[in-house]
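Beneath this line is the structure, given in structure tokens, with notes to follow.
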Amino acid sequence: MNQAVTKENTDMSAQLDKAQKSIDRLFATRNDRWYPQCHIASKAGWINDPNGLIYYQGRYHAYFQLNPYGSEWGNMHWGHVSSADLVTWRREPLAMAPTLEVEKDGVFSGSAVVGDDGRLTIYYTGHRWRNGVNDDDGNLQEQCMAVSSDSIHFEKKGVVVPCPDEKILHFRDPKVWKMGGLWYMVFGVSTPAHRGEIWMYTSNDMEHWTFDRVIYRHPDPQVFMLECPDMFPLEDKWVVCYSAMGLKPHGFEARNHNNAGYVIGSWQPGGDFHQETEFHLWDDGHNFYAPQTFQAPDGRRLVFGWMSPFTEPIPMQEDSWCGQFTVPREVTLAGDHLRCLPVREFSNLDQDQQSFGPIELEVNGSQNLVDDAQTADINMEIDLNKSQAERIGLEIHRTQSGDHTLVCYDDQLGRVVLDRHCNTYGDRGYRTAPVDKSSGKLKLRIIVDRGSIEVVVNDGLEIMSSYSFPAQGPRGIRLIAESGEGKALIDSLSIAKLDTIWEQPDR
Ligand code: FRU
């Protein structure tokens, strides 16, 4: 344990005060044109990974990687929000600031469990740059522990898993669970040979940890690090997931700078993981990374992803904030895939639902549905058998300038497309998701926020998360059908507004 712990805990409240003051200063200049209404984001500053997701003392807690000093990555702290129902969220005091020597350059990602003594226990990575400035010469990273009796005030316990080899370049992001009386920890490692691996440790007492095995090694030698690994059971299977650095794009897959996905297989404590499926992406959109799962009190497996703004330009950075989570999703098994659906509670935010009934649209026709939607929860079903149009879908965030993001079914590709080529702000480009056409129908649920779009395909068999930054003025939603011999047939289409998730407006 680190000798300086007691003094450092006193220092932490001073550091947290300083960080909160910075957030408040940044907030004074926050521009809300793209600031989310129904997604978790920091009041100001930069956020990345969801951390320490847990249900504790009657509330859901979501901590997150936070830079309170600017809207770019750096100075990693842990921010915190909580909710009684997964719908309405409350901002909590910042949870953790770097104070120990081993975390001098940041309190990095980690997870939370309810400890054997009933306290909320977090495991996270203490991070230092080897050269003191940046990662050109690699990192010094160790797994640390902190405890809290109220989810707000944390007492740091120092390092519990030191890095065993100074040639290891990355060693971070512990995810912990208990099973059969034993504690398990997995985290990501970049070996001296630059291979991406997930290591497993075990412990009887939560403080002393022993190396168990390399539970997963990425088969591709170009994949040099597996960030934010997670491992969890679903029915009789185990899912191993990670955020891969170094994966190269192929076809429609792995098009983002880094890519988060999973494999499904079997595992018994004390044994190896046996992979039984291919690698699948968690999400087919432009902006999804570092997801973390946790268990709700009713047993559901839930996940939050970080909508990672991988590619420049990142226009929200000018607005004193950057980064948001996805909506919380429930994860279930669907054959060799995971099904991801917004949690059912999310629909409680729906307001003023309007139904547009069945629609028959001429090819190259369009129909304005809503003149100005800051947020929307859209449900539509397209009859694929009876439609002949080549592309059928919605122009979202459509402003007078012609800017919009198109979400459509593309019959040439046989896939759902999210296309940002008509956007003035932010990275453009498109992403696609495969469609199971066996039922002859395509169900789309599209969650629109002020600066993002999530597309849920066929009840969560596929899902896409992308930022979309509308231009000035009212933000319309328009139905379109393009090219082909015939019509577009929409069986049903409804649009609701979404209420804010915040218990109180930011002040
Ligand atoms: C993933 C990640 C983690 C790390 C954290 C630092 O986005 O790089 O591996 O712990 O972010 O902010």
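For ligands, and for the atoms within them, numbers begin at 1 and follow the listed sequence. Note that the numbering runs from 1 along the sequence shown for the chain. None of these values were measured; they are calculated from a predicted model.
For ligand 1 and D173, the ligand atoms under 4.0 Å from any heavy atom of the residue are 3 (C), 4 (C), 9 (O), 10 (O). Listed by number with element, the atoms of ligand 1 under 4.0 angstrom from any heavy atom of R172 are 3 (C), 4 (C), 9 (O), 10 (O). The distance from ligand 1 to the heavy atoms of F108 drops below 4.0 Å at these ligand atoms: 4 (C), 6 (C), 10 (O). Close contacts of ligand 1 with M76, meaning ligand atoms under 4.0 Å from a residue heavy atom, involve 12 (O). The distance from ligand 1 to the heavy atoms of W306 drops below 4.0 Å at these ligand atoms: 7 (O). Close approach to N48 involves these atoms of ligand 1, each under 4.0 Å from a residue heavy atom: 5 (C), 6 (C), 7 (O), 11 (O), 12 (O). Numbered from 1 in the order shown, with element, the atoms of ligand 1 that lie under 4.0 Å from a heavy atom of Q65 read 5 (C), 6 (C), 12 (O).
Put simply, the side chain of N256 gets close to the backbone of G285: a donor and an acceptor are under 3.5 Å apart. Of the possible polar contacts, one joining the T500 side chain to the W502 backbone as a donor-acceptor pair under 3.5 Å is found. Side chain of R445 to backbone of L341: no donor-acceptor contact under 3.5 angstrom is found.
Residue S109 has at least one N or O atom closer than 3.5 Å to an N or O atom of ligand 1. For a threshold of 3.5 Å applied to N or O pairs, the pair formed by Y289 and ligand 1 contains no separation below that value.
No side-chain N or O of D319 forms a donor-acceptor pair with one of S71 less than 3.5 Å apart.
Ranking the protein heavy atoms by distance from atom 8 (O) of ligand 1 puts E227 OE2, 2.6 Å first. With respect to atom 5 (C) of ligand 1, the closest heavy atom belonging to the protein is D49 OD2, 3.5 Å.
Heavy-atom contacts from other residues, nucleotides or ligands closer than 6.0 Å to OH of Y56 number more than 12.
Between F294 and F304, the ring planes lie parallel to each other; the angle is under 30°, not in the 30° to 60° tilted range.
The pair D230-R301 does not count as a salt bridge, with every side-chain nitrogen at least 4.0 angstrom from each carboxylate oxygen.
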Show, in sequence, the C-alpha distance, side-chain angles and deciding distance for R415 and D284, and conclude whether the salt bridge (Lys or Arg N to Asp or Glu O under 4.0 Å) test is met. CA-CA 11 Å; R415 298 170 77 95; D284 293 304; 5.5 Å; no

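Heavy atoms of T125 stay at 4.0 angstrom or farther from ligand 1.
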